[in-house]
Structures are given as C-alpha cells and as structure tokens.
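Everything below concerns the one structure shown next.
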Amino acid sequence: MKNQYQLPCNIAQSLNLIGDKWTLLILYAVMHGNATYKELQQALPGIASNLLSERLKTLEEDGLVSSQLYQEHPPRYQYCLTPAGKDLHMVFHSIMLWGEKHLTTCYKHLIHTSCGHSVQMKYYCEECGREISADELDITEA
C-alpha cells in the first residue's frame, strides 16, 4: 500500500495520485505515444518490470490511464491517458520550463512549433480577460 498524505491540501492530494517514483515519467511516456507495456519498458530504462506493472494498475484505478486488450493469448494491453491524465500536460510543461531555468544540464526545451522559439506559461483570468502575474494570485479555501 502506498503512503498517503492526509493533509487537506490540493498539492498533497494530487501527490497521492502522481507523486510516487516513476509515476509522472510513465504518464509522460504514455502521453508521447508509448502505448504498450513493452514500449513503456523501452522508453523508461531502469524501471523494474514489477514496478511498472504496479504503477500502471494504480494509474488505472486512479482514473489517469485506461487499458484496452489488444491480444488475448497471452493477454496484452495498450494504455492511453484518460481526460484527467491528458490534463497533466500543463504539469509536464511547467516542470520542463522550471528545468530549463534551474537545471545545470537542460535536456529538452519547450518551443512553439510554428516559429521555433521558446515559450513561457502565463496566468489568465477568464472572468476579466486579463493576463495576471503570480503576485496577483491568492489561494482560498474551497
């Protein structure tokens, strides 16, 4: 059984779903087209087979991936992200941008496909139609 944070905090509760070792990397690999168990093993060198299997089952239980049987004997599945899993693209992009800024060695860059230039993430208020700075954000209780 995995450790769970018992804090009334969105970050803590999100980490209960995606905070285990390898979990984000598995989701990222699925997001980038690695749909089968074998493809995931190849995309994630160093992950133990039993750990990959366990994480995929947990991700399916948590509603972040779904599986579909594509071969019956032996049973083989392909995995895809659910809508909740797809919504993690913003998390991946945020981590990439943070890495570009703070890692000693940067391995990947997030660029705009049309012009090839770097991008940045911004906050936008849908209600007033304005771009806002991080200084203008507040966290409130639900």
Side-chain angles (χ1 to χ4, degrees), residues 1-71 74-142:
M1 182 167 174
K2 64 183 182 178
N3 292 330
Q4 296 282 300
Y5 295 107
Q6 300 301 322
L7 302 171
C9 170
N10 290 14
I11 294 171
Q13 296 307 309
S14 296
L15 286 173
N16 285 340
L17 300 177
I18 61 172
D20 286 333
K21 186 174 182 180
W22 290 103
T23 298
L24 279 177
L25 293 173
I26 292 167
L27 290 165
Y28 185 73
V30 173
M31 183 177 283
H32 286 277
N34 298 287
T36 67
Y37 191 85
K38 184 176 181 179
E39 290 171 342
L40 288 166
Q41 281 185 310
Q42 291 172 344
L44 300 166
I47 190 169
S49 182
N50 63 328
L51 185 61
L52 176 57
S53 177
E54 176 190 313
R55 291 292 189 269
L56 286 168
K57 286 176 190 167
T58 301
L59 287 167
E60 192 164 12
E61 289 168 5
D62 290 340
L64 297 174
V65 299
S66 62
S67 63
Q68 182 176 5
L69 186 68
Y70 72 90
Q71 178 181 311
R76 296 188 196 271
Y77 296 88
Q78 64 183 23
Y79 299 91
C80 66
L81 297 179
T82 64
K86 289 177 184 175
D87 279 347
L88 287 166
H89 72 89
M90 294 177 290
V91 173
F92 294 125
H93 293 162
S94 294
I95 293 170
M96 276 190 168
L97 291 171
W98 183 90
E100 283 184 35
K101 185 174 180 181
H102 297 286
L103 294 176
T104 304
T105 304
C106 181
Y107 298 92
K108 296 184 179 187
H109 297 277
L110 192 60
I111 60 164
H112 182 208
T113 55
S114 294
C115 70
H117 289 91
S118 295
V119 298
Q120 55 183 287
M121 295 188 88
K122 304 243 179 196
Y123 296 103
Y124 175 78
C125 177
E126 208 171 275
E127 185 65 30
C128 65
R130 286 187 36 232
E131 182 181 304
I132 57 175
S133 71
D135 305 3
E136 297 177 88
L137 297 175
D138 195 11
I139 298 172
T140 63
E141 298 293 323

Residue list, side chain to side chain donor-acceptor pair (under 3.5 Å) with [X], at least two apart or on another chain:
X    : value
Q13  : N16
S118 : none
E131 : K122
Q42  : none

Tell me every residue that passes side-chain contact (heavy atoms from CB on, under 4.5 Å) with [X], counting only those two or more places apart in sequence or in another chain.
X    : value
L69  : E72, P75, Y77
I11  : C9, L15
M31  : L81, H89, F92
T113 : none

Side-chain donor-acceptor distances from residues 100-112 under 3.5 Å, at least two apart:
residue : atom : partner : partner atom : Å
E100    : OE2  : L110    : N            : 2.8

Say you draw a straight line from [atom1] of [X] to [atom2] of [Y]; how long is it, rounded to the nearest 0.5 Å?
X   : Y   : atom1 : atom2 : result
L25 : N34 : CG    : CG    : 11.5 Å
Q41 : K38 : CD    : NZ    : 9.0 Å
D20 : R55 : CG    : CZ    : 4.5 Å
L51 : T23 : CG    : OG1   : 7.5 Å
D87 : L64 : CG    : CG    : 10.0 Å

Exercise for review: Any pair with a residue in residues 33-59 that passes ring pair (Phe, Tyr, Trp, His ring centres under 6.0 Å), sequence neighbours left out, goes on the list, sorted by first then second residue, please.
Suggested key: none
Practice item. Please list all pairs passing the ring pair (Phe, Tyr, Trp, His ring centres under 6.0 Å) test where one or both residues lie in residues 117-142, with sequence neighbours left out. Key: none
Non-hydrogen atoms of [X] and [Y] that approach each other most closely:
X    : Y   : value
A12  : L7  : CB-CB, 3.9 Å
V119 : L97 : O-CD2, 3.5 Å
G63  : A84 : O-CB, 3.9 Å

Tell me, do [X] and [Y] make a side-chain contact under 4.5 Å, heavy atoms counted?
X    : Y   : value
M121 : S94 : yes
Y79  : L59 : no
L56  : L40 : yes
L24  : I95 : yes

**Study point:** Which residues share a salt bridge (Lys or Arg N to Asp or Glu O under 4.0 Å) with E136, sequence neighbours left out
**Key:** R130
Practice item. Please answer whether the main-chain N or O of S49 pairs with a side-chain N or O of S53 as donor and acceptor at a distance below 3.5 Å. Key: no
